[in-house]
Number of protein chains: 2
Amino acid sequence: MAIVPMAKREKRITIYDLAKSLNIAPSSVSKALNNSHAISSKIKKMVEDKAKELNYVHNTNAANLRRGFTRIIGVIVPKINESFFANIIAGIEKVCVQHQHSLIICQTEESLEKEVNAVQTLIRQNVDCILISLSLETQSTAHLEEIKNNHIHFIQFDRISPAIDSYTVVNDNEAASYQAVAHLAKQGYQNIAYFGGPAHLNLYQERKQGYKNALKDFGLTFYEDFVKDEIISTASGKQEALHLLQTNVKPDAFLCTSDYVSLGVLEALQQLNLSSPKDVGIIGFANEMFTQLVQPSLSSVNQFSYEMGEQIAELYFSEVMKQKEHEEIKTIKVKTEIVQRASSSR
Amino acid sequence: MAIVPMAKREKRITIYDLAKSLNIAPSSVSKALNNSHAISSKIKKMVEDKAKELNYVHNTNAANLRRGFTRIIGVIVPKINESFFANIIAGIEKVCVQHQHSLIICQTEESLEKEVNAVQTLIRQNVDCILISLSLETQSTAHLEEIKNNHIHFIQFDRISPAIDSYTVVNDNEAASYQAVAHLAKQGYQNIAYFGGPAHLNLYQERKQGYKNALKDFGLTFYEDFVKDEIISTASGKQEALHLLQTNVKPDAFLCTSDYVSLGVLEALQQLNLSSPKDVGIIGFANEMFTQLVQPSLSSVNQFSYEMGEQIAELYFSEVMKQKEHEEIKTIKVKTEIVQRASSSR
DNA sequence: CTGTTAGCGCCTTCAG
DNA sequence: CTGAAGGCGCTAACAG
């Protein structure tokens, strides 16, 4: 019985094949395909045509290995499917495509362990740059040092650690928070509570600071009990609001660092038969889609997440990429805007 | 004046460095690092320790080039920041991490041109598999053929083209739509309109078919004018609803293939001083977060997007990856569920 | 402007 | 189980 030969998997077309069939040198083919100026437009044309004819596909991998860089950017976020981060990724992607770069995306699900793994993976993939927003768990930065040690550029955004030197792109959180409180104060609210996230994150410290500063500037009383640092979900927002609203000295407004928390506060009000904005003012952060759809509509700080994504990527292409090591690093502040809706308008 | 030498950029540590410093062969190092069985655990240990000591970083690029595959999966979606797709991506990512694979993400922004480019890019990157949901514009499939020609696995999901053979992961759109109409009928609605997307997409054809079948089975009248195929935004939903609700024979319910369209219908009702569910029933698709927050809350078909993402990836790892070419392909249907809320409960 | 040469770092034969 | 050799496909450096 005859042995049936394996279907031979046709070999990939390489620049050598093109070179051979055109009787020129492989390096010339390479130059032609890379649009080098050191090649005649005649050869360029020949090569392009032949490449099309033979269905040549450039092997990015081989080129990467040879060149030492990849035109790939790694992005690490806590959750891909949180609209704030999804928007940022979309913005980054848009700009990266313009610059012919690809994007590898990792999510940490708020776990330091996964964040460390993600960094590892991206380093091994030889990405040119890592764009990262830290997980809630992250307090150490050894893994970020690894990025530097491997001479990979990196930019922190939104949830950053000041413990490590890097380019950063953030909102002006202190100012945003200040403005939110100022807004509440102007609407006549006097006892303003702050529901923020874990204080080890810069971001929340700044928001708290802006809150405190505004209280002082507007002559409002600061109540230690009104300041909560671990409120980041609808459930915890509701629970804590229920608690505070049944004490002696109660808040008449809430500054929440997340719209989801605002939602929880709103639920608490409904349960207590209080109404917003009449009894209690609410303002959140992120300007999620749903804030304009609930009753009453929720005021929020628009963080311009999509634009933040664009700016992160643009920062990379305009400066970081070109930069020699040990140059001056830079922080970009992305504008914010108070979106006043029903929940804080009285 | 002396010439200052450039800071020499220390060279990357390779398996050769490890081999040299341990007095063994590079191939042994490779085997050790890859957990080959053809190596003693003694050497394995030595190598691992030395790798740690010298901060060795595996160069995935070089390995990819040599091996011919990359453990990278490419994902192409219309929009990263649409929650349906964001959830799918998140689900895919979760499973890929478990299998030590990375994800390159591209968005087409509903443009065929960008879709073609994305496919190109991913092919050049030597991804092992492409997971794709088509743009609204996509009617040709030449670029998908290219994927096959380059022997790259691929799976279509949600917005698929039947014009090309491939694994697919979709909802049972016809059944979902049928159940939605059945639900409306049971609630006593009789004149049910259908607001769908472009009919060249399979997905919408199926939903329309399910709608038609249900009308028939429940003895409801089919009005040609109640069927619209290009309604995919809140604005167009509102506009078309305003139109239909001011004709002689008006619908008393709307099946919308998107929650955003449902929202538009709701706006139209408010403008016409009609109320839902009393006057008009509404049900949408996707079970977006906001559907439970608006007044009245909106019924919707839950498509289990995150789970769909997981299943797509699992399909790849459990079958597609292992498959020889020209084997039987397969379609996975992801369950759906009618989420009944106020807008269709009377 | 074109061609030659020499690796990038790794993995996979195949010998021993 | 270990080692030697070769090449994945490309580009950069240099020579002509």
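Since the model is a prediction, treat every value here as computed from it, not as a measurement.
Taking the centre of each ring, A:Tyr316 and A:His99 stay at or above the 6.0 Å mark.
Along DNA chain D, the nucleotide nearest B:Leu65 and the nucleotide nearest B:Pro26 are compared for position; the residue whose nucleotide lies closer to the 5' end is B:Pro26.
A heavy-atom distance below 4.5 Å is found between the side chains of A:Lys148 and A:Glu145. Side-chain contact check for A:Leu134 versus A:Glu115: some heavy-atom pair is nearer than 4.5 Å.
With rounding to whole Å, B:Ile43 atom CD1 is found 10 Å from D:dC1 atom P. For A:Gln125 and C:dG9, the CD to P distance is 16 Å, given to the nearest whole Å. Atom CD1 in A:Ile24 sits roughly 13 Å away from atom P in D:dC10 (whole-Å rounding). In this structure, B:Asn35 atom CG and C:dT12 atom C1' are separated by 17 Å, rounded to whole Å. Distance, A:Leu33 CG to D:dC10 P: 8 Å, rounded to whole Å. One atom, NZ of A:Lys20, and another, P of D:dG9, lie 12 Å apart when rounded to the nearest Å. Taking atom OH of A:Tyr16 as the reference point, atom P of C:dT4 lies 11 Å away to the nearest angstrom. In this structure, B:Ile15 atom CD1 and C:dG7 atom C1' are separated by 15 Å, rounded to whole Å.
Under the 4.0 Å criterion applied to side-chain N and carboxylate O atoms, A:Lys50 and A:Glu53 are assigned as salt-bridge partners.
B:Asn61 comes within 4.0 angstrom of no nucleic acid atom, judged by non-hydrogen atoms across all strands. At a threshold of 4.0 angstrom between heavy atoms, the contacts of A:Ile39 are confined to the sugar-phosphate backbone, with no base atom among them. B:Asn64 comes within contact range of no nucleotide atom at all, as no heavy-atom separation falls under 4.0 Å. When heavy atoms are screened at a 4.0 angstrom cut-off, B:Ala38 is found touching base atoms of the nucleic acid.
Taking 4.0 angstrom as the limit, A:Ser28 places a side-chain polar atom (N or O) nearer than this to OP1 or OP2 of C:dG3. Checking the phosphate oxygens (OP1, OP2) of D:dT11, a side-chain nitrogen or oxygen of A:His58 falls inside 4.0 Å.
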Could you list, one pair per line, each protein nitrogen or oxygen that sits under 3.5 Å from a nitrogen or oxygen of nucleotides 12-16 of chain D, together with the distance?
unit_1 : atom_1 : unit_2  : atom_2 : d
D:dA12 : O4'    : A:Arg66 : NH2    : 3.1

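Checking side-chain atoms of B:Asn81 against main-chain N and O of A:Ala86 turns up no donor-acceptor pair under 3.5 Å. A donor-acceptor pair under 3.5 Å links the side-chain atoms of B:Gln156 to the main chain of B:Ser161, judged by distance alone.
Comparing C:dC10, C:dG3, D:dT11 by their nearest atom to the side chain of A:Ala25 picks out C:dG3.
Direction of the helix axis in the helix from C:dC1-D:dG16 to C:dG16-D:dC1 shifts by 30° between the two five-pair termini, rounded to 10°.
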Show me the side-chain donor-acceptor pairs of residues 103-111 of chain B shorter than 3.5 Å, one per line, residues at least two apart or across chains.
unit_1   : atom_1 : unit_2   : atom_2 : d
B:Gln107 : OE1    : B:Ile80  : N      : 3.0
B:Gln107 : NE2    : A:Ala90  : O      : 3.0
B:Gln107 : NE2    : A:Glu93  : OE1    : 3.4
B:Thr108 : OG1    : B:Glu110 : N      : 3.3
B:Glu109 : OE1    : B:Lys114 : NZ     : 2.4
B:Glu110 : OE1    : B:Leu136 : N      : 2.8
B:Glu110 : OE1    : B:Arg159 : NH2    : 2.5
B:Glu110 : OE2    : B:Arg159 : NH2    : 2.9
B:Ser111 : OG     : B:Glu113 : N      : 3.3
B:Ser111 : OG     : B:Lys114 : N      : 3.0

